[in-house]
Amino acid sequence: MNQQNPYPWPGASATGVGSWPGEDPDEAMRTVLGELPDLPHLPELPERGVGADMVGRTGGLLPEFPIEVQPSGWRVADSPGRDLGRAASLMSYDLDALTEHAHGFTGTLKVQVAGPWTLAASIELRGGQRLVADPGACRDLAESHLEGVLAHLAEVRKRVPGARIIVQVDEPSLPSVLLGSLPTASGLSRLPAVDPVRIEASLRVLFSAIAESGAVPAAHCCAPGVPVDLLRRSGARALSLNALLLTRDHDEMVGTAVEAGVGLLLGVVPSTGDGTSAQTARMSDPAATVDPVRELWNRLGFSPDLLSRAVVTTPTCGLAGASPGHARAALTASRDGARVLRDEPRR
C-alpha cells in the first residue's frame, strides 16, 4: 500500500469470491492466476465432495476440535477420522497447486476460510442440536478456529513468500445467527438470536490476530441482511458483499465503512448462468454490469477518483455451481467491469 492507494490491491482490480467448478486444483489455480492477475485467490473446489465443502475445508484446520460427517451434516466427534483426513489431503493438494503456479507471485493473494459463526450454525453437537446454541462450545470453536486460521496463514506464506495475504472470513450464516432464524434440531422452532456484542467481540479477536500477523482481515457475506456495521466495528478491513442486494437502507453503513478506509469487494456478475439473452447481454456490457456500483457511489457522494481504488469487482457469490464456461466469463466480466470503474466512474 502507498499514500496514493491505501488499499491492499492495485486500482481497478477484480477477484473471485472463492469457489470454482471442477475437481482439478492445478487447472483452477492456473485459470485464476491468468484471469485475475491483480488479485488472484486460492480456488475452492467443493465438487470433490466431503472435506472440500466450506465447512469441511475449514473444519480440517481446527486443532483439537474434531468433526465428522453424519447423515444430517457435520457433527462434533470424539477424535479425528477419515473425513478430516480427506479434508487435510484436499487442502494439501490445493496448496501444492498454489506452490507450483504462484510461488514467485509478489502481489496480493486472497485466501478464504469459513467464519466461526457460520461453522457454529452448521456443525451439530453430539445430541444433534446446532453448536451455536451452546455458548461454551462456541468459545471452544472460536479458540480452535483462531489457532487453525493462523497456522493455515503461516503455511500459505511458506508457499508464496512474496505475496501479501488477504484472509477472507466467510460468514453467510451470520444474518441468521443474529436474527434467531436458524431452526432447532426438531425443526419445530427457532434457536434464540445470539447477542451481537458476543459476535462482535469474537470476530474482533479473530480479525485483530489476522492483522497482527501481517495479513489483511476481510469478511464476506452475500446473504440479505448483511451486518455491515458489525463487521466494520469488528475490524474487517475489507467487506465482500453482493452489490445487487444492497439498497438505500445500506447506504449509511457502507458510507461509514468507506470513510473508515474499509475496502469493498462488490459482487456484480451473476455467479450462475441462466442462459437467457438478457443475462448474456448484461455480462457482455461491462458498463451495465457495474451500474449498481456506480449508482451506489453517486448516492454516497464520494470522489469518482476513489471508486476504482476502494472497490474490487467480483461475481455475486462463489462459482462452484456455474459451468466452466460461465465461470471464466464471470471473471472476464468482473475484470472488464473494474476497468469501467476506473475509466468511467460516473454513469
Side-chain angles (χ1 to χ4, degrees), residues 18-20 22-25 42-97 111-156 167-174 176-177 181-192 194 199 202-203 206 220 318 320-321:
S19 65
W20 188 257
E23 302 181 16
D24 185 342
L42 180 63
E44 304 165 347
L45 305 173
E47 285 183 26
R48 294 177 294 181
V50 170
D53 60 291
M54 180 180 65
V55 175
R57 184 177 176 84
T58 302
L61 305 177
L62 302 177
E64 299 183 14
F65 201 99
I67 58 176
E68 63 186 4
V69 174
Q70 294 291 329
S72 55
W74 287 94
R75 180 174 292 185
V76 173
D78 293 326
S79 60
R82 62 182 182 180
D83 297 328
L84 288 186
R86 177 174 168 77
S89 294
L90 293 172
M91 181 66 83
S92 180
Y93 295 149
D94 294 346
L95 293 176
D96 287 346
V111 299
Q112 306 82 220
V113 295
W117 292 102
T118 290
L119 290 179
S122 305
I123 297 171
E124 297 175 349
L125 298 168
R126 291 179 180 86
Q129 189 59 275
R130 295 176 192 263
L131 190 150
V132 71
D134 185 328
C138 287
R139 285 193 296 271
D140 292 343
L141 172 62
E143 291 174 2
S144 178
H145 180 268
L146 174 60
E147 184 178 346
V149 167
L150 293 180
H152 178 58
L153 177 55
E155 183 62 27
V156 171
V167 180
Q168 175 182 297
V169 178
D170 292 330
E171 285 284 16
S173 297
L174 187 54
S176 297
V177 172
S181 59
L182 291 169
T184 58
S186 68
L188 299 177
S189 59
R190 296 288 182 267
L191 294 174
V194 177
I199 293 176
S202 68
L203 290 177
L206 173 62
H220 167 72

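Keep in mind that the numbers below use all heavy atoms, side chains included, and drop hydrogens, waters and symmetry copies.
For the residue pair Glu171 / Thr118, a side-chain donor-acceptor distance below 3.5 Å is found, with atom types taken as modelled. A donor atom on one side chain and an acceptor atom on the other are found under 3.5 Å apart for Gln112 and Glu44.
Note that CD1 of Ile123 is 11.5 Å distant from CD of Glu68, once rounded to the nearest 0.5 Å. Rounding to the nearest 0.5 Å places CG of Leu61 at 11.0 Å from CG of Leu150.
Of all heavy-atom pairs spanning Leu119 and Ala114, the tightest one is CD2-CB, 3.8 Å. Taking all atoms of both residues into account, the shortest heavy-atom contact from Pro25 to Glu23 is CD-O, 3.3 Å. When all heavy atoms are compared, the tightest approach of Leu84 to Ile67 is CG-O, 3.3 Å. When every heavy atom of Leu182 is checked against every heavy atom of Ala121, the shortest pair comes out as CD1-CB, 3.6 Å. Taking each heavy atom of Arg75 and Ser72 in turn, the nearest pair found is NH2-OG, 3.6 Å. Among all heavy-atom pairs drawn from Val177 and Val132, the shortest one is CG1-CG2, 4.1 Å.
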Go through the steps to decide whether Leu95 and Leu42 satisfy the test side chain to side chain contact (heavy atoms under 4.5 Å, CB included), and finish with yes or no.
CA-CA 8 Å; Leu95 293 176; Leu42 180 63; 4.2 Å; yes
Step by step, would you call Trp74 with Val50 a side chain to side chain contact (heavy atoms under 4.5 Å, CB included)?
CA-CA 10 Å; Trp74 287 94; Val50 170; 4.0 Å; yes
Kindly determine whether Asp96 and Ser92 satisfy side chain to side chain contact (heavy atoms under 4.5 Å, CB included), including the steps that lead there.
CA-CA 6 Å; Asp96 287 346; Ser92 180; 4.0 Å; yes
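A salt bridge does not link Arg57 with Asp170: every distance from a Lys NZ or Arg NE/NH1/NH2 to an Asp or Glu carboxylate oxygen is 4.0 Å or more.
The salt bridge (charged side-chain N to carboxylate O under 4.0 Å, His left out) analysis of residues 129-153, with sequence neighbours excluded, yields no pairs.
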